[in-house]
> 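Sharing a structure here in structure tokens format.
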Protein chains: 2
Amino acid sequence: MTEIDTSDGGVPPLAPEQLATYFALMEAVSLLQHRVEQQLRADGGISYVQFQLLARLVQADGPLTMTQLADGVVYSRSGLTYQAGLLETAGLITRSTLPEDERATLVTLTEQGAALFGRVLPGHVEVSRVLLFDPLTADDVRHLGEVMTRVRDHMRAQPPRSAAPRKRRAGTAR
Amino acid sequence: MTEIDTSDGGVPPLAPEQLATYFALMEAVSLLQHRVEQQLRADGGISYVQFQLLARLVQADGPLTMTQLADGVVYSRSGLTYQAGLLETAGLITRSTLPEDERATLVTLTEQGAALFGRVLPGHVEVSRVLLFDPLTADDVRHLGEVMTRVRDHMRAQPPRSAAPRKRRAGTAR
DNA sequence: TATTGTTATACTCTATAACTATA
DNA sequence: TATAGTTATAGAGTATAACAATA
């Protein structure tokens, strides 16, 4: 096994520890995501994206507009419309026009939606406990939570895209 | 905003801090993944999965069989075949039969593949630095790396699926 | 004109099952 | 019979661009 060389004329290399941390983080979360998707699919027939949308509505404790609902969950308007369509067809939400601004669509959690979320959550919590929290001390959790909250807020504050000049464009695996 | 209630007859609830940590982790990494995908697509025309496969070959410093290559990256044989097909078409890898075991396929990184990886890596490193490492202290990185390595190893040791009894099955958003 | 959301469409990716070939 | 990989196929999801309607 060879160590990946991140040195480059232009960019300062990452410390090896940073690269290892990055890969461990990405791999661990990928595994977690995969299991979580399986659990949600098996227990409630929903994806993690759909779970997140329901979770937002539960947290908001009231209707949200599409835009409010989208936030960090979905990265294109049409993607959200698609997901909302699925959730509405499944009877988990309803959509209506917001009277104050008739451009906006108000999304409301149905009883069924709330019930499904409640039904799915214990298994979800169980998966995250077994996979993520079991090998961690209370201190690890505290620190991880603090760090990831900071990172998340930092990312959210970051300019959405561009601003960083894109480089070459290779004709490759599409 | 309402706090999500994870209490349930069957399952012990997560501490609120755990749930918040879990959500912060998932959200932060989702944002990171999204940006990383964009960078790889823009700079090299590859996806993160493809980047991972190339990275494995670079790390291995020699050919790997499909099975060795798959490991934590892809969760189905056919998915790997698909990705390998794309990489081969793009000239980034070649596939050949392993002489010792003619069932196996040997995957070799081409010069082009190595070159592309080298070309894409700086930008990749840059994104992870700006998004992930900038708001972290050296100590945070050390701790995060240690913790996520432990979690990853724990997950990898976990039985792949089933073993945990699945529950109800609701007719819902498919 | 800008904003909210939807639709049409094309594309990427994943997974299951059936299949081939070798061990 | 088990293992390695491929193929066929179907389905889920995403994004871009064009569009409609309201502010």
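By convention in this document, chain letters (A, B, ...) are assigned in the order of the sequence lines, proteins followed by strands, and residues within each chain are numbered from 1. For the numbers below, each heavy atom of this structure counts, side chains included, while hydrogens, waters and symmetry mates do not.
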> Between atom CZ in Arg35(A) and atom C1' in dT14(C), what is the gap in whole Å?
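Between C1' of dT14(C) and CZ of Arg35(A): 18 Å.
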> Can you tell me how far P of dC13(C) sits from CG of Leu40(B), to the nearest Å?
12 Å
> Assign Thr81(B) to base, sugar-phosphate, or nothing according to its heavy-atom contacts below 4.0 angstrom with the strands shown.
base
> From the list dA4(D), dT14(C), dT3(C), which nucleotide is the closest neighbour of the side chain of Arg103(A)?
dT3(C)
> Between Tyr22(B) and Tyr48(A), how do the two ring planes meet: parallel, tilted or perpendicular, split at 30° and 60°?
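Taking Tyr48(A) first and then Tyr22(B), their aromatic rings stand perpendicular (interplane angle over 60°).
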> Does dT4(C) have OP1 or OP2 under 4.0 Å away from a side-chain N or O of Arg77(A)?
yes
> Could you give the CD-to-C1' distance, from Glu88(B) to dT7(D), as a whole number of Å?
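For the pair Glu88(B) CD and dT7(D) C1', the rounded distance is 15 Å.
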> Given that Asp101(A) and Gln68(B) both sit by DNA chain D, which one's nearest nucleotide is further toward the 5' end?
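This one resolves to Gln68(B).
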> Which one, dG5(D), dA15(C), dT14(C), comes nearest to the side chain of Tyr75(B)?
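Of the candidates, dA15(C) comes closest.
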> Please state whether the rings of Tyr75(A) and His34(B) are parallel, tilted or perpendicular, taking 30° and 60° as the class boundaries.
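Tyr75(A) vs His34(B) ring planes: parallel.
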> Arg41(B) side chain N/O closer than 4.0 Å to the phosphate oxygens (OP1, OP2) of dT14(D)?
no
> Check the distance between dA21(D)'s C1' and Met66(A)'s CE and give it to me in whole angstrom.
15 Å
> Applying a 4.0 Å non-hydrogen cut-off, can you work out what Thr105(A) is touching in the nucleic acid: base, sugar-phosphate, or nothing?
sugar-phosphate
> If the cut-off is 4.0 Å, is Gln83(B) near the phosphate of dT14(C), judged by side-chain N/O to OP1 or OP2?
yes
> Is a salt bridge present between Arg156(B) and Asp71(B), judged by a nitrogen-to-oxygen distance below 4.0 Å?
yes
> Take the protein atom CG of Leu98(B) and the nucleotide atom C1' of dA23(C), then report the distance between them rounded to whole Å.
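So the CG-C1' distance, Leu98(B) to dA23(C), works out to 13 Å.
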> Without decimals, in angstroms, what is the distance between Arg95(A) CZ and dT7(C) C1'?
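Computing the Arg95(A):CZ to dT7(C):C1' distance gives 12 Å.
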> Separation of Leu106(A) atom CG from dG5(C) atom C1', in whole Å?
13 Å
> Looking only at side-chain N and O atoms, does Ser78(B) come under 4.0 Å of OP1 or OP2 in dT7(D)?
no
> Look only at the side chain of Arg150(A) and the backbone of Pro135(B), and say whether a donor-acceptor pair between them is shorter than 3.5 Å.
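Looks like yes, one N/O pair under 3.5 Å.
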> Atom OH of Tyr48(B) and atom C1' of dT14(C): how far apart are they, to the nearest Å?
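Checked: the OH to C1' distance equals 18 Å.
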> Indicate yes or no for a side-chain donor-acceptor contact from His124(A) to the backbone of Phe51(A) under 3.5 Å, with no hydrogens or angles considered.
no
